[in-house]
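Have a look at the structure below before the remarks.
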Amino acid sequence: SYLTADITDKHSLFSNLDGKVFDYVINSSGYINHSNYSNDGNKIFDAHFNGVKNLIDCLNNDKIKKFIQIGSSDEYGSNLAPQNENQKESPIAMYSCAKVAATYFLQTLYKTQNFPSVILRPFLVYGPKQGKNRFIPQIIKGCINDEKFSTSEGMQIRDFLFIDDFVDAVFIALKNKKVLGETINVSSGIPVSIKKVVNTIVDTLQSGKPQFGKVKYREEENMTLYGDISKAKGLLNWKPKVSLETGIRKTIESIKNK
């Protein structure tokens, strides 16, 4: 069954969920936007924090066995890599601020009311059917069309995880009672430069003309962001299986076959 509601509109949400019982909830709502508070930042916060609060208020919490919140690596902000779950969060935008607030809210509910929440904190998830405005699909499109396109110098170090590996982690977490109340990084754990990712796509397609250095780095951008996944390996008995090269080939095939 498909229900449609704006989770920032509590009345609408309650009307859609009233009388319905769910065993498991995976909250992957919201959208990535790094706007400041004075520039639509309030809407971002509303979606990523108040939306979570509204869900909790409108669901029949007595029946829920597990509530998985999809957090974000952006919660770490300027923390040193490899980022791990024991580091104090350091949000640098309303998006990451709201994600951190939701994390603390759910952790508090777990500690005070035994609410069965767990926060999975993905790094850069990519793969087939990702929005065309995201980094990897944009680069692939530019290369397929053999275009010149502008990028940063590409010295940022990032952590890319193929969607199938992330989905596996989510379903393992649903079945695992040890993860209640925990925050867990879900990533490849392998640092790679943005420039290497672009060049891997260029080499795979044998086309595309990236113009490195034409785009400035984002203000206050953390240049080194990749996850420590020892907790995921230990608690979930999970580790990624798909290499970056394989994941990029699968993503290219899906875009070509649209």
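Note that the numbering runs from 1 along the sequence shown for the chain.
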On the 0 to 90° scale, with breaks at 30° and 60°, tag the F67-F115 ring pair as parallel, tilted or perpendicular.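 It falls in the tilted class, 30° to 60°.
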
Quick check: are there more than 12 heavy atoms from other residues, nucleotides or ligands sitting under 6.0 Å from [atom1] of [X]?
X    : atom1 : answer
R134 : CZ    : no
K20  : NZ    : yes
Q211 : CD    : yes
Y37  : OH    : no

Any donor-acceptor pair under 3.5 Å linking the side chain of [X] with the backbone of [Y]?
X    : Y    : result
E253 : K250 : no
K129 : S254 : no
Q87  : N84  : yes
T246 : V242 : no
D46  : N42  : no
K66  : L174 : yes

Count I, L, V, M, F, W, Y as connected when their side-chain heavy atoms are under 4.5 Å apart, and connections chain through other members. Are [X] and [Y] then in the same cluster?
X    : Y    : result
L161 : I190 : no
F166 : I119 : no
I32  : I70  : no

Rounded distance (nearest 0.5 Å) linking atom CD1 of I136 with atom NZ of K141: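 Taking CD1 in I136 and NZ in K141, the distance rounds to 15.0 Å.
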
Look up atom CD in E89 and atom OH in Y104, then write down how far apart they are to the nearest 0.5 Å.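 Rounded to the nearest 0.5 Å, the CD-OH separation comes out at 3.5 Å.
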
So F135 and V198, side chain to side chain contact (heavy atoms under 4.5 Å, CB included) or not? Walk me through it. CA-CA 9 Å; F135 169 64; V198 173; 3.8 Å; yes

Let me check something: any side-chain donor-acceptor pairs from residues 179-187 under 3.5 Å, sequence neighbours excluded? List them with distances.
| residue | atom | partner | partner atom | Å |
| --- | --- | --- | --- | --- |
| E182 | OE1 | K231 | NZ | 2.7 |
| T183 | OG1 | Q107 | NE2 | 2.9 |
| N185 | OD1 | Y76 | OH | 2.7 |
| N185 | ND2 | Y76 | OH | 3.4 |
| N185 | ND2 | Q83 | O | 3.0 |
| N185 | ND2 | D228 | O | 3.1 |
| S187 | OG | D159 | OD2 | 3.0 |
| S187 | OG | G189 | N | 3.3 |

Specify the closest pair of heavy atoms between [X] and [Y], including all atoms of both residues, with the distance to one decimal.
X    : Y    : result
D165 : W238 : O-NE1, 3.1 Å
L205 : C143 : CD1-CB, 3.5 Å
I163 : P128 : CG2-CD, 4.1 Å
S193 : G154 : CB-O, 3.6 Å
P240 : I229 : CD-CD1, 3.9 Å
T8   : A47  : CG2-CA, 3.6 Å

Could you check D6 against L13 for side chain to side chain contact (heavy atoms under 4.5 Å, CB included), going step by step and ending with a plain yes or no? CA-CA 6 Å; D6 179 353; L13 188 61; over 6 Å; no

Taking the side chain as C-beta and beyond, is there a heavy-atom pair between [X] and [Y] under 4.5 Å?
X    : Y    : answer
S117 : L109 : no
I194 : R158 : yes
F149 : Q138 : no

Sort and list the pairs that fulfil salt bridge (charged side-chain N to carboxylate O under 4.0 Å, His left out) and have at least one residue in residues 70-85, not counting sequence neighbours.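 Pairs touching residues 70-85 that pass the test: E75-R121.
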
Looking only at the side chains, is there a donor atom on one of S12 and S15 sitting less than 3.5 Å from an acceptor on the other?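 Side-chain D/A pair, S12 to S15: absent.
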
Check against ring pair (Phe, Tyr, Trp, His ring centres under 6.0 Å), F160 and F123: CA-CA 7 Å; F160 290 88; F123 281 62; over 10 Å; no

Show your working on side chain to side chain contact (heavy atoms under 4.5 Å, CB included) between F22 and L17 and close with a plain yes or no. CA-CA 10 Å; F22 300 93; L17 297 181; 3.9 Å; yes

What pairs meet the side-chain hydrogen bond (donor to acceptor under 3.5 Å, both in side chains) rule with one or both residues in residues 23-36, with sequence neighbours excluded?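 Checked against side-chain hydrogen bond (donor to acceptor under 3.5 Å, both in side chains) - neighbours excluded - the pairs reaching residues 23-36 are N27-S29, N27-Q69, N33-S35.
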
Test of understanding: with salt bridge (Lys or Arg N to Asp or Glu O under 4.0 Å), list the residues that count as partners of [X], not counting sequence neighbours.
X    : answer
D40  : K43
K53  : D57
D146 : K209

Begin from the C-alpha positions of N16 and T4 and carry the test side chain to side chain contact (heavy atoms under 4.5 Å, CB included) through to its verdict. CA-CA 7 Å; N16 276 273; T4 302; 5.6 Å; no

